Amino acid sequence: SSLTYEPITDDVKPRVVISRGRTGRSAATRSTTVDLRLRNPDGVYSPRNIGGPRYGTLRQQTPLRVRLDPGTGMVTRGTAYVPDWPPEWTGPDVDDRIALDAGGIMQRLSIGQESKSALRRAILATNPVDYWPMEDASGAVQAASALGRSPIRVVDGSINFSSVTDLVGATVAPDTSASYLIAQVAGVSESFWHAEFAVKPGTDTLVAVARIYTNAAVTNIWRFFIPNSVGSNFQIFIDDDGSLGPLIAHTFVTPAGWVDAWHHIGVSAEQSGANLTTRLHVDGVLRSTDTTAVAGGSPTSMFFNHNLLSGSSCASYSHVVFGDGAVTGIFYDAMLGYGGELAGTRFARLCAEEGLLSDVAAGDTESMGPQLPGEILALLRECEDSDEAVMVERRTGESGFDPCASRYNLAVTMTVDYEAVADLAVDDSVRDVINRARVTRVGGSSGTYERTGGPRGTDPATGIGVYPAAPSRSLETDG
């Protein structure tokens, strides 16, 4: 949402200092800083002044914008966030002046961030009604809700959390082959809802391995038949627990590559008057649609491997989510970690998932490898490194991304008089020298380049010896 700023110009003492961009020898852009002093004789900017006009609004990370008129109209010169409102003051009077040192968005993102998997980050951004990542630690006995609601409980058998590591978009997943699980669901819309989950098939049987129960009269159970073979029927029957037979049926024939692999399952139910439209999505694609004159309902629970005693189970379930409206459309790509995604596209998506404004400059960007779990700032920096781009903070507050290609053949915007800077000296130090570089693709191979000859080569007899670097880059391919 857009912000409404209140002018405080009259209270600002002269000289506002704004620092932004890369400074000195810094290899990365630093967060914007805005340093200023405020007149505060009446305690207007004192957060604990309960009689002050701004009491309750002077919170941590209050947005601050600096604008000026260079003769062509008002322009923004810096946007930052006040981390705190200091209780200290200087001057002859109480609260005469206070110092504010505001920082840009990168400063905010560097504080208290949680490492998240691609799936967890993407799903939480869709505002689900309930969601169980199932990335719990190995000693867990139940799957915690990411939204603080009821956990998924183990009804029978045993579950081995944190033991499955081949789901690219997740941190870890549990081994559910020997467990019967139940999730309680509440608060989902009766008129339009969806459910999604990742599943790795187990036993190849014709027995249902999962169920969703609803509060409807005759469509109160959705039964999932998930085979583990190619050319078999993946089916969903929707009925009243079998007494009327399958009132609604969805069928999808499993293709090559299905066996023992992770898959995305998404279902939705939309009530329109007397008609109920149900849809089945598999691996991000709509596979089946049905419209029947019947009342739907709202989900109340989901059972996993409930036919465990008969030998039917799936090897693993992960990232179970219920929400209002249609299937999200982001689950399958997130499950694959967005492999092949362009660096600029990933930067913009990550910002959107965090509710941040972004501005990606025009220009081709590199295709990246899978997005591994990480904190948001580290993931944004990974986009920057993989493309050799520049991550910046725009003066207007957006997180900016300038691709490497956007800096090619730029027009000259400033001419420098050499005589005015003739005292500049060439830097012949070895501080930034690299003569042996081994670059590794995350999850792939590596390549080494070495400069052996010359005065800065690795040969100690004729050069300076070895000055190595070993960066890693998230790229789609080794080539």
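Numbers for residues simply follow the sequence, beginning at 1. Quick caveat: nothing in here was measured; it's all calculated off a predicted structure.
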| said: salt bridge (Lys or Arg N to Asp or Glu O under 4.0 Å), that's the test. Do Arg279 and Glu270 meet it? Break it down for me. | reply: CA-CA 9 Å; Arg279 301 176 178 89; Glu270 180 180 8; 3.2 Å; yes

| Between the main-chain N or O of Asp359 and the side-chain N or O of Arg394, is there a donor-acceptor pair closer than 3.5 Å? | yes

| message | Minimum heavy-atom separation for Ser474 and Ser386, please, with both atom names. | response | O-OG, 3.0 Å

| Does the Ser301 side chain pair with the main chain of Ala183, one donor and one acceptor, at a distance under 3.5 Å? | no

| task | Could you check Thr300 against Asn215 for side chain to side chain donor-acceptor pair (under 3.5 Å), going step by step and ending with a plain yes or no? | result | CA-CA 7 Å; Thr300 58; Asn215 58 8; over 6 Å; no

| query | Any donor-acceptor pair under 3.5 Å linking the side chain of Ser115 with the backbone of Gly374? | reply | yes

| field | Shortest non-hydrogen separation from Ala210 to His306 and the atoms involved | value | N-CE1, 3.5 Å

| field | Working for side chain to side chain contact (heavy atoms under 4.5 Å, CB included), residues Val34 and Val66 | value | CA-CA 8 Å; Val34 178; Val66 180; 3.8 Å; yes

| said: Looking only at the side chains, is there a donor atom on one of Asp283 and His264 sitting less than 3.5 Å from an acceptor on the other? | reply: no

| task | Check the side chains of Ser145 and Asp130 for a donor-acceptor pair under 3.5 angstrom, ignoring hydrogens and angles. | result | yes

| said: Less than 6.0 angstrom from the centroid, inside 45 degrees of the normal: does Arg211 satisfy that with respect to the ring of Phe303? | reply: no

| field | Partners passing side-chain hydrogen bond (donor to acceptor under 3.5 Å, both in side chains) against Glu341 (at least two apart in sequence or in another chain) | value | Arg346, Arg349

| Check: Gln107 main-chain N/O paired with Ser31 side-chain donor or acceptor under 3.5 Å | yes

| query | Do Asp290 and Ser288 meet the criterion of a side-chain donor-acceptor pair at a distance under 3.5 Å? | reply | no

| request: Identify the heavy atoms of Leu119 and Met335 that sit nearest to each other, and give their distance. | output: CD2-N, 3.7 Å

| Just wondering, more than 12 heavy atoms not from Arg438 lying within 6.0 Å of its CZ? | no

| message | Given 3.5 Å as the limit, does a donor-acceptor pair link the side chain of Gln271 with the main chain of Gly273, or not? | response | yes

| said: We want to know whether Ser229 and Asp204 form a side-chain donor-acceptor pair, criterion being a heavy-atom distance below 3.5 angstrom. | reply: yes

| query | If we only count heavy atoms from C-beta on, is the Val294 to Val218 side-chain gap below 4.5 Å? | reply | yes

| message | Run Glu393 and Arg22 through salt bridge (Lys or Arg N to Asp or Glu O under 4.0 Å) and show every step you take. | response | CA-CA 11 Å; Glu393 292 179 349; Arg22 295 185 179 183; over 6 Å; no

| task | Give a yes or no on this: more than 12 heavy atoms of other residues, nucleotides or ligands lie within 6.0 Å of atom CD of Glu450. | result | yes

| field | CD1-CD1 distance between Ile236 and Ile238, expressed to the nearest 0.5 angstrom | value | 6.5 Å

| task | Check the angle between the aromatic planes of Phe347 and Phe401 and answer parallel, tilted or perpendicular using the 30° and 60° thresholds. | result | tilted

| Any donor-acceptor pair under 3.5 Å linking the side chain of Thr254 with the backbone of Gly231? | yes

| field | Side-chain heavy-atom pair Thr458, Asn435 within 4.5 angstrom cut-off | value | yes

| field | Over all atoms of both residues, closest heavy-atom pair of Ser179 and Asp175 | value | OG-O, 4.4 Å

| Measuring from Leu379:CG to Leu377:CG, what's the distance to the nearest 0.5 Å? | 9.0 Å

| said: Treating Asp324 as the side-chain partner and Ser189 as the backbone partner, does any N or O pair qualify as donor plus acceptor under 3.5 Å? | reply: yes

| request: Check whether any side-chain heavy atom of Met302 lies under 4.5 Å from a side-chain heavy atom of Phe322, and answer yes or no. | output: yes

| query | Would a line drawn from the ring center of Phe225 to the ring center of Phe237 be shorter than 6.0 Å? | reply | yes

| message | Given Arg121, which partner from the list Glu354, Glu375, Glu135 fulfils the salt bridge (charged side-chain N to carboxylate O under 4.0 Å, His left out) test? | response | Glu354

| message | Distance check, rounded to the nearest 0.5 Å: Glu476 atom CD versus Ser367 atom OG? | response | 4.5 Å

| Trace of the side chain to side chain donor-acceptor pair (under 3.5 Å) decision for Ser268 with His194 | CA-CA 4 Å; Ser268 65; His194 70 269; over 6 Å; no

| query | When rounded to the nearest 0.5 angstrom, what is the spacing between OG1 in Thr29 and CZ in Arg381? | reply | 6.0 Å

| Does the side chain of His250 come under 3.5 Å of the side chain of Gln235 through a donor N or O and an acceptor N or O? | no

| request: Enter the distance from Leu357:CG to Ile105:CD1 here, rounded to the nearest 0.5 Å. | output: 9.0 Å

| message | Whether the side chain of Asn307 engages the backbone of Ser312 through a donor-acceptor N/O pair (distance < 3.5 Å, no angle test) should be reported. | response | no

| note | Taking every heavy atom of Arg120 against every heavy atom of Ala146, the minimum-distance pair comes out as NH2-CB, 4.1 Å

| Can a donor-acceptor pair be found between the side chains of Glu398 and Thr396 at a distance below 3.5 Å? | yes

| said: My understanding is that only one of Asp166, Thr176, Leu167 makes a side-chain contact (heavy atoms from CB on, under 4.5 Å) with Lys200; could you say which? | reply: Asp166

| said: Parallel, tilted or perpendicular, judged at 30° and 60°: which one describes the rings of Phe197 and Tyr317? | reply: tilted

| query | Judged by modelled atom types alone, do Tyr332 and His281 share a side-chain donor-acceptor pair under 3.5 Å? | reply | no

| remark: Scanning both residues in full, the closest heavy-atom pair of Leu350 with Cys383 reads CD1-SG, 4.2 Å

